[in-house]
Amino acid sequence: MLVYLLNILLIIVWALLFRIGKKTRLKQVLFVSICFLQCFLISAFRYRIGYDYAQYAIGFFKMVVHGFSDMTYEDWEIGYILLNKIVGLFTAQPGAIMVVTSAISLAGPAYLIAKYSKNAFVSVFLYVNFFLFYLDMNFIRQAIAMSIICFAYGFLRDKKFWRFLLFVLIASLFHFTALYMVPVYFVCLLKINSRTILLYLFGLFYYFMLSDGLLNFVLSKFHAEYFGSSFIRQGLHPAYAAFPLFLTLGSVIVSYFIREKTRNLEILLHLTLMMGFWQVVMTKHSLFERFSYYTMIFTVLAVPEFILAFKAQFKVNLKGKYLPDGEENERKLRIVSKTVNRKTGIAVICITTAVTIFAFVHNMYGLIVPPKGAHGVLPYQTRLRIDIPNIDCFFKKQ
């Protein structure tokens with residue numbers, strides 16, 4: 001656990017250092033690069049970390065043995081098989097595929113945050129505390145698919161369907177569930193209003209009523225191995241959905257507060273609502289946790305975007321309160337501006353602090369409660385034979 005806590009601590013330290021001086025694009029890129037380099041080192045040189053580590057390591061070795069003569073392996077997608085075959089041309093060491101997949105999995109989120117985030121610290125902090133980083137070390141194929149989807153965000157925002165579809169299809173070569181993002185594109189075309197929110201709620205209600213029969217039908221045709229499995233019969237503990245639903249509810253409340261919502265804001269609200277939808281669904285069928293992650297990755301952009309929009313609207317509201325008649329007396333305007341900026345700053349600090357604290361608590365819950373931590377990331381071990389102090393005993397019952 002120590003390595004993950006140090007990772008978070010260093011992210012906070014870098015954020016404080018990069019706040020010195022004027023904010024620039026270069027500083028944001030450097031900050032994100034340093035933070036994701038840390039994550040890459042933790043992920044790339046891990047050993048037996050992640051519940052699926054063993055099957056991917058064994059699968060890599062088996063695919064290397066068979067070479068390009070056999071382009072199938074279990075039910076894995078062709079893109080991931082081909083990646084294993086290419087890496088296998090250079091080495092048969094399973095650690096090599098972990099290095100390569102770690103780099104690919106982290107590249108997309110790093111690009112997404114560096115290019116689009118309105119607050120890089122909040123975005124990176126959410127990424128490492130929201131189980132997204134742990135997912136990269138467990139659901140390897142899906143993590144690669146999600147990384148590819150990150151590069152398509154600009155096309156989703158700018159309504160460039162065919163380019164967006166191209167990235168989704170490439171992502172589906174690593175995990176077929178990436179195709180879920182095709183209907184997401186069309187849902188994001190809807191305007192956000194009370195009827196849209198009700199549509200999500202009705203969809204959730206009807207899903208809970210009809211899910212068992214629907215799943216039995218689908219799984220009788222596709223992926224029969226999940227039929228009757230614990231992934232269908234059991235859901236995840238509701239505590240895992242608490243923080244995502246907190247963000248979803250907060251986003252909805254802020255959306256009603258903001259009078260003029262940009263296209264970017266509406267898309268991010270849709271993605272957050274879809275994340276909340278699947279987070280509730282996974283409490284009944286844990287299999288659908290996978291769908292929530294495709295939209296969860298975009299909450300690292302949504303939260304800073306909503307905080308910024310709230311700040312702008314809050315300023316307008318305060319100015320209307322202190323200057324109801326639009327008075328422009330220079331002295332009074334200067335005093336009001338100081339008051340407005342001070343109160344707005346306090347409100348933003350409180351919201352940002354609340355989000356980061358809740359995110360950290362969510363992370364600690366995921367590390368402490370499950371025996372091996374969320375996604376099986378404990379106890380952390382490295383292939384470099386470096387002894388890292390294990391402090392898990394201070395948090396977990398032995």
Might you point out which heavy atoms bring [X] and [Y] nearest each other, and give the distance in Å?
X: Glu77; Y: Ser172; result: CG-O, 3.7 Å
X: Val128; Y: Cys39; result: CG1-SG, 3.8 Å
X: Thr344; Y: Lys315; result: OG1-CG, 3.4 Å
X: Phe68; Y: Ile86; result: CZ-N, 4.2 Å
X: Asn363; Y: Ile8; result: ND2-CD1, 3.3 Å
X: Val168; Y: Ala178; result: CG1-O, 3.4 Å

Between atom [atom1] of [X] and atom [atom2] of [Y], what is the distance when rounded to the nearest 0.5 Å?
X: Leu273; Y: Leu268; atom1: CG; atom2: CG; answer: 11.0 Å
X: Lys118; Y: Leu308; atom1: NZ; atom2: CG; answer: 7.0 Å
X: Ile258; Y: Leu265; atom1: CD1; atom2: CG; answer: 5.0 Å
X: Ile267; Y: Leu301; atom1: CD1; atom2: CG; answer: 11.0 Å
X: Met274; Y: Met296; atom1: CE; atom2: CE; answer: 13.5 Å
X: Ser251; Y: Tyr256; atom1: OG; atom2: OH; answer: 13.0 Å

For residues [X] and [Y], determine if any side-chain heavy atom of one lies less than 4.5 Å from a side-chain heavy atom of the other.
X: Leu5; Y: Leu9; result: no
X: Pro109; Y: Ile297; result: yes
X: Asn129; Y: Phe358; result: no
X: Leu82; Y: Leu173; result: no
X: Leu132; Y: Met146; result: yes
X: Tyr47; Y: Leu384; result: no
X: Ile149; Y: Phe167; result: no
X: Pro244; Y: Phe130; result: yes

Other residues, nucleotides and ligands only: do more than 12 of their heavy atoms fall within 6.0 Å of [atom1] on [X]?
X: Glu74; atom1: CD; answer: yes
X: Tyr73; atom1: OH; answer: yes
X: Lys85; atom1: NZ; answer: yes
X: Gln38; atom1: CD; answer: yes
X: Phe186; atom1: CZ; answer: yes
X: Phe18; atom1: CZ; answer: yes
X: Arg263; atom1: CZ; answer: yes
X: Arg259; atom1: CZ; answer: no

Report the C-alpha separation of Lys261 and Glu266 in whole Å, then their side-chain angles, then the decisive distance to 0.1 Å, and conclude whether the salt bridge (charged side-chain N to carboxylate O under 4.0 Å, His left out) test is met.
CA-CA 7 Å; Lys261 292 185 281 293; Glu266 290 209 331; 5.1 Å; no
Determine the sole option in Phe125, Phe243, Phe246 for which the ring pair (Phe, Tyr, Trp, His ring centres under 6.0 Å) test with His362 is passed.
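Going through the options one by one, the only one that passes is Phe243.
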is_close_aromatic([X], [Y]), centroid dist under 6.0 Å:
X: Phe131; Y: Tyr293; answer: no
X: His375; Y: Tyr134; answer: no
X: Trp14; Y: Phe31; answer: no
X: Tyr365; Y: Tyr240; answer: yes

Using modelled atom types and a 3.5 Å cut-off, is there a donor and acceptor pairing between side-chain atoms of [X] and backbone atoms of [Y]?
X: Thr299; Y: Thr272; value: no
X: Ser292; Y: Glu289; value: yes
X: Thr196; Y: Lys191; value: yes
X: Asn341; Y: Ser337; value: yes
X: Tyr185; Y: Lys159; value: yes
X: Tyr4; Y: Val377; value: yes

Apply side chain to side chain contact (heavy atoms under 4.5 Å, CB included) to the pair Leu189 and Phe161, showing each step before the final yes or no.
CA-CA 11 Å; Leu189 295 176; Phe161 174 70; over 6 Å; no
Please tell me whether Trp162 and Ile170 are part of a single hydrophobic cluster in this structure, the criterion being side-chain heavy atoms less than 4.5 Å apart.
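Result: yes, single cluster for both.
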Following the transitive rule for hydrophobic clusters with a side-chain heavy-atom cut-off under 4.5 Å over Ile, Leu, Val, Met, Phe, Trp and Tyr, establish whether Leu249 and Phe277 coincide in one cluster.
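No, Leu249 does not connect to Phe277 through the hydrophobic network.
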Any side-chain donor paired with an acceptor under 3.5 Å for [X] and [Y]?
X: Arg141; Y: Tyr56; value: yes
X: His175; Y: Tyr180; value: no
X: Asn264; Y: Tyr153; value: yes

Angle between ring planes, Tyr127 versus Phe133, binned at 30° and 60°: parallel, tilted or perpendicular?
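Geometry flag for Phe133 against Tyr127: tilted rings.
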Using 30° and 60° as the class boundaries, would you call the ring planes of Tyr116 and Tyr111 parallel, tilted or perpendicular?
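Rings of Tyr116 and Tyr111: perpendicular, as their planes differ by over 60°.
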Thr101 vs Tyr80, side-chain hydrogen bond (donor to acceptor under 3.5 Å, both in side chains): CA-CA, chis, key distance, verdict:
CA-CA 10 Å; Thr101 55; Tyr80 185 73; 5.5 Å; no
The criterion is side-chain hydrogen bond (donor to acceptor under 3.5 Å, both in side chains); which residues satisfy it with Ser43, sequence neighbours excluded?
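Result, side-chain hydrogen bond (donor to acceptor under 3.5 Å, both in side chains) vs Ser43: Arg46, Ser102.
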